[in-house]
Amino acid sequence: VNDIAPFLSKAYVRATAQWDVDLVKESAALAAPSSLLHGPRSWLVRGDLHLLWARWFAEGVADPERFVDEDNPFPLVLEQVLQHMPNVLPEHTHPERGELADAIAQLIVAESSRRRGSPGRRAWTRLEKEELWDASGSAPRCWICGYRFTDPARDRFLGKGGEADASPTWVDFLRPQGVHANELRIEIDHVGSLGAGGDEEALRLACGWCNRHKSDRGLTYDTRGVMKWFDHPDLGRVGVPHPFWVVRALAMHGQCDELSGCGNSIRDSEMTVAPRRMQGAPNPVNLQVVCVDHDPLVGKRLVLREEYLDRLSRRR
Ligand SMILES: [Zn+2]
Ligand SMILES: [Zn+2]
């Protein structure tokens, strides 16, 4: 059954029509066909949507920020969540509501304590940097994109002086690392992990480009609707993916999407992205992670940095 066409006819509305209440309500009543999302990023696109809904739901019941300074916030949070339960589960019994309230309160308390413990931005000591460098193997790379750090970058990171990396002559138009200053330098990334244990955190080395685009966002949907296009000398007008989409895809996959199987990973190779369909916009559904051996854009990817900046356009 082709259920995509009817879905698109309601949901793919013109930007001006997104302000039409009836149209949006019609779209909300549809179930998204499962075949709508396919390809290597489908789980990320769907997963991030669920994470966002879960976050908005739980934090909309009790804002974790309100409890950051409380020493024992659980009873307070639970009380607040319980008050809200008749709205969430009007048909359910008291014990069922209590069970859900307890689960929500635990999540909010954990998030609130994570925010309290979050060290914020501070300068790392030289010793901390040295320890992290030594623990990162013989040829450390960005943990997200696999970029191998240069010796001068290492020296500056470890406080041993040295020149800043010069702006590269050529840049990858889909992952334009090096267009701006400090994008090739070494930075420390705080990687929060929400494993079964909860609050484990790890420190990893990241390049300036990945770290900057990762830092202030959490999920695929946390991006503004600004699109950029590049007038490529051979390919014509091509979309430039939002840098956060690139970082999220790279960090969540870490290896090449080549179907026949590829042994390269970010531990030994630099990775970048390519649209699966060059004619399609480079959005999260249409991005694949590729290594240098499986790059469909070989010979076209690297463009002169100056030319990249000159031929960039944007539209809301
Ligand atoms: Zn990187
Ligand atoms: Zn590959």
Side-chain angles (χ1 to χ4, degrees), residues 39-41 44 124 129 132-133 135-158 164-168 170-192 202-218 220 223 240-278 282 284 286-303 305 308:
R41 293 288 80 72
L44 185 58
W124 300 95
K129 288 179 172 180
L132 190 54
W133 181 266
S136 302
S138 56
R141 293 170 179 272
C142 169
W143 84 268
I144 295 172
C145 71
Y147 168 73
R148 186 171 168 181
F149 301 118
T150 62
D151 290 347
R154 174 202 59 203
D155 291 346
R156 269 195 338 288
F157 176 68
L158 297 175
D165 286 284
S167 294
W170 301 89
V171 296
D172 172 352
F173 73 93
L174 295 166
R175 186 176 64 88
Q177 176 200 39
V179 164
H180 302 291
N182 294 330
E183 291 179 345
L184 298 176
R185 75 175 173 191
I186 303 169
E187 297 183 357
I188 297 178
D189 182 22
H190 228 106
V191 187
L203 301 179
R204 295 188 203 170
L205 301 178
C207 74
W209 189 87
C210 286
N211 201 33
R212 176 158 70 87
H213 290 297
K214 171 177 177 285
S215 63
D216 50 351
R217 296 186 176 83
T220 304
T223 50
V240 175
H242 194 293
F244 182 74
W245 291 341
V246 178
V247 165
R248 184 102 178 112
L250 292 172
M252 297 301 285
H253 198 48
Q255 62 190 48
C256 177
D257 278 323
E258 169 65 21
L259 287 175
S260 60
C262 169
N264 292 335
S265 83
I266 45 150
R267 282 177 297 282
D268 49 39
S269 308
E270 195 167 334
M271 297 283 164
T272 183
V273 295
R276 295 164 68 211
R277 291 167 306 281
M278 208 55 215
N286 190 25
L287 282 183
Q288 57 182 331
V289 176
V290 295
C291 74
V292 76
D293 297 338
H294 297 110
D295 186 4
L297 289 169
V298 97
K300 309 230 186 289
R301 175 175 298 281
L302 295 181
V303 297
R305 178 175 171 276
Y308 176 77

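Counting convention: from 1, in listed order, for ligands and their atoms alike.
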- Tell me how many protein N, O or S atoms are closer than 2.8 Å to the Zn ion (ligand 2).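 Of the protein's nitrogen, oxygen and sulfur atoms, 4 lie under 2.8 Å from the Zn ion (ligand 2).
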
Query raised in the report: Do other residues, nucleotides or ligands put more than 12 heavy atoms under 6.0 Å from the CZ atom of R277?
Result: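 Atom CZ in R277 is packed in, count exceeds 12.
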
Open item on the list: So if I apply the side chain to side chain contact (heavy atoms under 4.5 Å, CB included) rule between I186 and each of T150, L132, L205, which one comes out positive?
Closed with: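 Considering T150, L132, L205, a side chain to side chain contact (heavy atoms under 4.5 Å, CB included) with I186 is found only for L205.
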
In the structure I gave you, are the side-chain heavy atoms of I144 and I266 within less than 4.5 Å of one another anywhere?
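No, every pair of side-chain atoms sits at 4.5 Å or beyond.
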
Check the Zn ion (ligand 1) and write out every protein N, O or S atom at under 2.8 Å, as residue and atom.
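Under 2.8 Å from the Zn ion (ligand 1) - ignoring waters, which are not counted - the protein N, O or S atoms are C142 SG, C145 SG, C207 SG, C210 SG.
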
Check: Only one of Q177, H213, R212 clears side-chain hydrogen bond (donor to acceptor under 3.5 Å, both in side chains) with E183; which?
Finding: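 Going through the options one by one, the only one that passes is R212.
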
_Run the ring pair (Phe, Tyr, Trp, His ring centres under 6.0 Å) test against F157 and tell me which residues pass, sequence neighbours left out._
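For F157, no residue satisfies ring pair (Phe, Tyr, Trp, His ring centres under 6.0 Å) once neighbours in sequence are set aside.
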
_For W143, give me all partners under ring pair (Phe, Tyr, Trp, His ring centres under 6.0 Å), at least two apart in sequence or on another chain._
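Ring pair (Phe, Tyr, Trp, His ring centres under 6.0 Å) check on W143 returns nothing, list empty.
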
Heavy-atom closest pair, residues L174 and A274: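 In this case the closest contact between L174 and A274 is CD1-CA, 4.0 Å.
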
Check your understanding: Would you call the rings of Y147 and F149 parallel, tilted or perpendicular if under 30° counts as parallel and over 60° as perpendicular?
Key ->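 Y147 and F149: perpendicular rings.
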
> Where do N211 and E187 land on the side chain to side chain donor-acceptor pair (under 3.5 Å) test, with the steps shown first?
Replying inline: CA-CA 7 Å; N211 201 33; E187 297 183 357; 2.7 Å; yes

